[in-house]
Amino acid sequence: MKNIKNSFFYLTIIGGFSALIYWIILKGKMLEAGQNIIPRQTGNGHWEDFITSMGHNLQNPLAILLVQIITIILVARFFGWICRKIGQPSVIGEIIAGIVLGPSLIGMYFPEYSALLFPKDSLGNLQFLSQIGLIFFMFVIGMELDLKALKNKAHDAVVISHASIIIPFALGIGLAYFIYHSFAPSGVEFVSFGLFLGIAMSITAFPVLARIVQERGIHKTKLGSIVITCAAADDVTAWCILAAVIAIVKAGSFTSSLYVMAMAVFYVLIMLKVVRPFLKKVGDLNSTRESLNKPVVAIFFLTLLLSSYVTELIGIHALFGAFMAGAIMPENNKFRNIFIEKVEDVSVIVLLPLFFVFTGLRTQIGLIDDPHLWKITGLIILVAVAGKFFGSALAAKVVGHNWKDSLSIGALMNTRGLMELVVLNIGYDLGVLSTQIFTMMVIMALVTTFMTGPALDLINYIFRDKPTLIPEEISNRSKYKILISFATADKGKTLLKVANSLVKKQGGNTIVTAMHLSLSSEIHSFDVKDYEKETFLPVLSESENLNQKIVTLFKVSNDIDSEITDTANHGEYDLLLVGLGQSIFEGTLLGKVLGFTTRIINPDRLIDKITGKEGLFENSPFDERTRQIISNSKMPVGILVDKDLQEINRVFMPIFSKEDDFLMEFAQKLIHNNGSQITVLDAVGEIKNSRGIQEVVRSIEQIAPNHIMMMQERIIKKEFLEQQDLMIISLESWKKLIDSHSIWLNNTPSVLIIKP
């Protein structure tokens with residue numbers, strides 16, 4: 001009755017008011033009498049009108065901007081992905097994406113498309129939006145600086161950092177002396193041109209350097225610590241020098257620039273002595289995600305924007321204000337993490353690629369069309385490398401580092417990346433750099449950033465002292481070694497239970513290594529140590545409860561799947577145990593199909609996903625990534641599908657073929673070390689034909705009677721499966737179960753899938 005009433009009301013309201021609207025429109029048409037109405041129809045029919053309207057919509061500035069953003073993000077992410085795959089920072093790919101979309105490639109070979117996608121009238125909007133992205137990014141860079149580390153290690157860091165600035169700065173000004181007449185824009189003073197070349201030569205890309213240090217696993221070494229501190233000191237010093245250079249260029253003379261610099265000093269004092277204590281109080285009161293509400297976030301964003309606005313008014317660029325605002329944020333790591341999460345995704349993924357492409361639109365490699373110009377480009381690269389690389393290495397050697405570490409510091413400090421592009425764009429906007437010299441310097445930024453990884457590899461090769469991820473005690477091959485790789489602490493605890501049940505009574509004859517890998521894009525340099533401690537604390541606590549000694553291994557990587565197999569293979573482990581989690585299998589089909597270890601709630605969905613509809617091992621775009629760990633590992637691999645595994649007392653082990661006889665080794669280990677009750681299912685009557693399996697069963701019954709039981713039932717009761725703690729099955733047999741659509745799979749306990 002209620003539904004009829006509601007339907008009647010709905011029809012009455014819609015019908016009545018629709019009729020009223022129609023009547024008003026008819027009456028309104030009469031009001032047009034005597035008015036000079038211009039017809040909107042421009043075509044010969046409705047379809048032509050629609051096409052014309054679509055054409056106008058495509059020329060709308062907002063539509064152009066949106067399609068530019070979509071194209072830029074897609075192309076930048078694609079080239080960034082390629083660079084990560086070849087071991088280079090993604091920032092290189094994003095810079096290349098900008099050059100590809102600019103006049104150097106698309107504009108040269110597809111000028112019509114380039115003019116359609118990037119019309120000159122639209123570049124202003126793109127520039128302003130990219131500047132907003134840069135402001136947010138510099139804010140994040142400021143927050144990523146660990147000022148405490150600068151205080152604690154100031155002596156060596158300041159010596160190396162300032163040497164790595166003054167030497168290339170001097171060489172840059174010297175280079176400017178020789179190329180001023182040929183490449184300086186008309187009307188630009190030598191001082192302005194020379195100062196900008198000097199600062200461009202002396203900059204270091206702190207965020208790119210920090211990512212490289214983390215990905216190479218040297219962040220906890222003396223080398224990693226000193227180079228991060230040097231880069232931080234370099235960033236602070238270089239940005240202060242840049243602010244002074246901008247002041248001199250804008251003021252027109254050194255005397256008038258003194259007023260600008262005096263105001264800049266006053267601004268910095270206000271930020272440090274007034275604004276910073278205020279923000280610290282706000283941060284201390286709102287350090288949790290729940291308390292960091294919109295009004296509080298608004299305070300910090302206003303601080304960022306006001307700081308940027310003030311420095312732009314003073315004449316030292318808004319980016320310096322953004323950097324300063326980030327540097328004075330509360331030092332509470334939890335607070336900074338929360339705030340970085342709010343800012344970084346939009347700035348790095350959406351807005352920052354706009355800056356790369358806008359830089360690419362200014363970069364015209366086609367202008368360097370003469371061998372002489374390429375020689376000048378090579379000279380610029382040579383000066384940049386000589387000043388930064390060798391200047392940093394020489395200073396590091398003088399303060400007491402060995403040659404290997406000194407050269408490594410030089411290679412890392414030579415990384416320029418995004419910071420270089422920021423400086424170059426400021427110089428271009430001020431008219432100090434011509435398009436030609438700007439293009440040459442962009443090429444220099446690419447080359448010096450790209451060479452960092454290969455240079456480090458070459459240094460390690462020459463000195464034959466490659467850092468290893470494998471603890472020294474693991475080299476003893478007489479010990480049974482298990483590597484567990486986990487994504488979260490809960491998964492680590494569960495995998496540790498499995499490992500412990502296999503080696504519990506073997507004491508000193510075993511080594512269990514717990515490894516956690518994190519993506520370099522998901523962790524910040526200032527928070528690495530705290531993150532590592534927080535991640536391993538529950539696992540170490542569980543190891544104490546189990547009385548199981550473990551070795552911990554932590555690394556930041558940009559290719560986690562490969563890192564797992566490389567670590568396992570180089571360490572010559574006897575067994576690799578992995579849990580299915582985001583940090584390990586994100587994006588792979590195993591991760592999609594089997595689900596994360598703590599998320600398998602409905603097994604029916606698991607079967608629906610696996611049984612041929614998505615193709616677990618065939619016809620899959622994820623095939624190669626899925627098989628990477630399984631295929632590239634030289635030892636047995638156990639993949640745990642966890643359904644809240646608490647203990648491993650009752651274990652179910654189906655045997656489908658004679659090739660499954662290797663599973664009996666795990667049965668022996670579980671019975672000997674954990675006293676588990678093993679139920680072996682002779683699924684297809686193969687055990688009677690396998691002498692090896694029969695001999696193992698007899699030996700177990702002699703040593704531990706009543707701990708192993710044979711089954712030959714074809715129908716497995718739900719009650720039996722619910723009583724089991726764990727099912728151990730071979731990878732090939734697991735595939736057969738999936739192919740057969742076995743109903744009892746819906747009721748399986750936690751599953752350990754083993755590839756021999």
Side-chain angles (χ1 to χ4, degrees), residues 73 76 80 89-91 94-95 129-150 203-214 219 228 231-236 238-239 242 271 275-276 279 283 287 289 292 296-309 311 317-356 415-423 425 518-528 530-531 556:
I73 291 175
S90 58
V91 65
E94 292 169 344
I95 296 172
L129 199 55
S130 70
Q131 290 297 310
I132 296 296
L134 268 184
I135 285 173
F136 282 124
F137 182 75
M138 292 307 301
F139 180 56
V140 171
I141 297 305
M143 281 196 287
E144 286 189 332
L145 281 178
D146 190 349
L147 297 178
K148 289 181 180 178
L150 285 176
I203 205 76
T204 291
F206 172 74
V208 178
L209 179 145
R211 294 286 185 261
I212 294 173
V213 167
Q214 290 169 9
H219 54 283
I228 286 288
D234 193 294
D235 244 22
V236 173
W239 279 102
L242 178 63
M271 293 293 283
V275 180
R276 187 180 183 186
L279 294 180
S287 60
R289 195 175 297 274
L292 198 62
V296 175
V297 172
I299 291 174
F300 291 102
F301 271 118
L302 279 173
T303 303
L304 162 63
L305 296 174
L306 283 172
S307 177
S308 301
Y309 178 67
T311 51
H317 210 280
L319 295 182
F320 181 81
F323 178 80
M324 191 68 194
I328 66 166
M329 283 292 122
E331 294 179 352
N332 184 306
N333 281 348
K334 286 186 178 179
F335 170 84
R336 288 196 173 195
N337 267 336
I338 295 169
F339 211 82
I340 284 173
E341 284 179 12
K342 290 179 177 292
V343 176
E344 194 172 39
D345 285 346
V346 174
S347 65
V348 172
I349 295 175
V350 179
L351 298 179
L352 201 57
L354 306 186
F355 171 72
F356 291 125
T415 304
R416 285 174 172 82
L418 170 65
M419 297 297 101
E420 179 74 12
L421 297 190
V422 173
V423 173
N425 274 277
S518 287
L519 286 171
S520 58
S521 58
E522 295 178 354
I523 188 169
H524 303 286
S525 57
F526 71 85
D527 203 25
V528 171
D530 289 341
Y531 177 81
V556 178

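Within the 4.5 Å cutoff, side-chain heavy atoms of Leu351 are placed close to those of Leu354. Put simply, the side chain of Met329 reaches to within 4.5 Å of the side chain of Leu279, judged on heavy atoms. Between Asn425 and Phe355 there is a side-chain heavy-atom pair separated by less than 4.5 Å. In this structure the side chain of Leu304 reaches within 4.5 angstrom of the side chain of Phe136, judged on heavy atoms.
Across all their heavy atoms, Arg416 and Ile203 have their closest contact at CG-O, 3.6 Å. Across all non-hydrogen atoms, the minimal contact from Thr204 to Met419 is O-CG, 3.7 Å.
Relative ring orientation between Phe139 and Phe301 is described as tilted, the plane-to-plane angle lying within the 30° to 60° band.
With sequence neighbours excluded, the residues forming a side-chain hydrogen bond (donor to acceptor under 3.5 Å, both in side chains) with Ser307 are Tyr267, listed by chain and number. In this structure Tyr309 satisfies the side chain to side chain contact (heavy atoms under 4.5 Å, CB included) test together with Leu313, sequence neighbours excluded. For Ile73, the side chain to side chain contact (heavy atoms under 4.5 Å, CB included) criterion is met by Ile69, Arg77, Val350, not counting sequence neighbours.
Put simply, OG1 on Thr303 and CZ on Arg276 are 13.5 Å apart, with the number rounded to the nearest 0.5 Å. In this structure, the separation between CZ on Phe356 and CG on Leu352 is 4.5 Å, given to the nearest 0.5 Å. Summarising the geometry, atom CG belonging to Leu242 is positioned 11.0 Å from atom CZ belonging to Phe323; distances are rounded to the nearest 0.5 Å.
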When you look at Met138 and Met324, which way does the side-chain contact (heavy atoms from CB on, under 4.5 Å) test go after all the steps?
CA-CA 9 Å; Met138 292 307 301; Met324 191 68 194; over 6 Å; no
